[in-house]
Amino acid sequence: METTRGFLGLPSWRILLCLAAGWMAAEAAPLPQYYNAIFSFGDSFSDTGNFVIINSGKLPNMPKFPPPYARCSNGRLVIDFLAEALGVPLLPPSANKGTNFSQGANFAVMGATALDLKYFRDNNVWSIPPFNTSMNCQLEWFQEVKDTICSSPQECKEFFGKALFVFGELGGNDYSFAWKAEWSLDKVKTQMVPKVVESIIGGIEALLDEGARHVLVPGNLPAGCIPITLTMYPSEDRSDYDPRTGCLKKFNGVALYHNAVLRVALDSLQRRRPDSRIIYADYYTPYIQFARTPHLYGTRREP
Ligand SMILES: *[C@@H]1O[C@H](CO)[C@@H](O)[C@H](O)[C@H]1NC(C)=O
Ligand SMILES: *[C@@H]1O[C@H](CO)[C@@H](O)[C@H](O)[C@H]1NC(C)=O
């Protein structure tokens, strides 16, 4: 497809985490409308056009395709399937100024991190490109969009109380920049994972303070199965690979560790905010199932 060719023309960090997410492919009749709108935050797993809009005219090889084509996928993303199933339009990218965002907006950007650029610079991680697209930047854009859809604090709170917020996946890129800067496994786990999770919890709390009541929080995917990881960090030692999947164990281990720490923090947040409904979404397990038993999903693993 045209979109795929456009993205393959980009240097590797720009296709970081660009994955087809066609795995929720089953068509389902829309449910009764539970939510008036969906607001989504995250990275390439849910970017519905922001990266392309923000960078059009700035970066070489930028595909010119307007939404809905400017996704890191040759098909729909998980967030698209959610919108379809919940009966709201596909989420317009927030960078598309002038759009009517009254049924939702998508703030996710390819390459976005849970931590701010400053964190990486302060910790001597220079592998991160100098974009201002982190979670906190996305929360600032949310404020701008908010001004276009509701006026009084009361009206806004009521509106957001009926919306679904999808917060993530976030963190996958943070770890990828740490690996690129040659952080050890121990350093990633003890120094970065707690910071990333703390940042995500802070972001969700900011949304709850705006009136959000329904927040879906996807965990990390198995980064050690992603082609770019397998390409960038090949190992001579077969024991570095999980024999059931061919994925690199170290990177998957960090994703699992992140998810465990995140779930504990979400449980605690749910207890502090009993009026809200905070839902963890496991994106890891289905992906691993595809890697373990691809024949069940219409494809084969290379021997
Ligand atoms: C935006 O869309 C909603 C319904 O989707 C509609 O009620 C509203 O009038 C629209 N706002 C503007 C400014 O067009
Ligand atoms: C990102 O934000 C920082 C701090 O606000 C600013 O100094 C910098 O110029 C911004 N970078 C880009 C690429 O917009």
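Just so you know, ligand 1 is whichever comes first in the structure, and atom 1 is the first atom listed for that ligand. Values reported hereafter were calculated over all heavy atoms of this structure, with side chains retained and with hydrogens, waters and symmetry mates removed.
- Checking atom 5 (O) of ligand 1 against the protein gives a heavy-atom contact under 4.0 Å.
- Remark: ligand 1 atoms within the under-4.0 Å shell around heavy atoms of S102 are 1 (C), 2 (O), 3 (C), 4 (C), 5 (O).
- The shortest side-chain heavy-atom distance between V109 and W141 falls under the 4.5 Å cut-off.
- The aromatic rings of F41 and F165 sit parallel, their planes meeting at an angle under 30°, below the 60° perpendicular limit.
- Ranking protein heavy atoms by distance to atom 12 (C) of ligand 1, first place goes to N100 ND2, 3.4 Å.
- Using a 4.5 Å cut-off on side-chain heavy atoms (C-beta onward), S46 and S40 make contact.
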| field | Q138 vs N50, side-chain contact (heavy atoms from CB on, under 4.5 Å): CA-CA, chis, key distance, verdict | value | CA-CA 11 Å; Q138 294 179 26; N50 280 326; over 6 Å; no

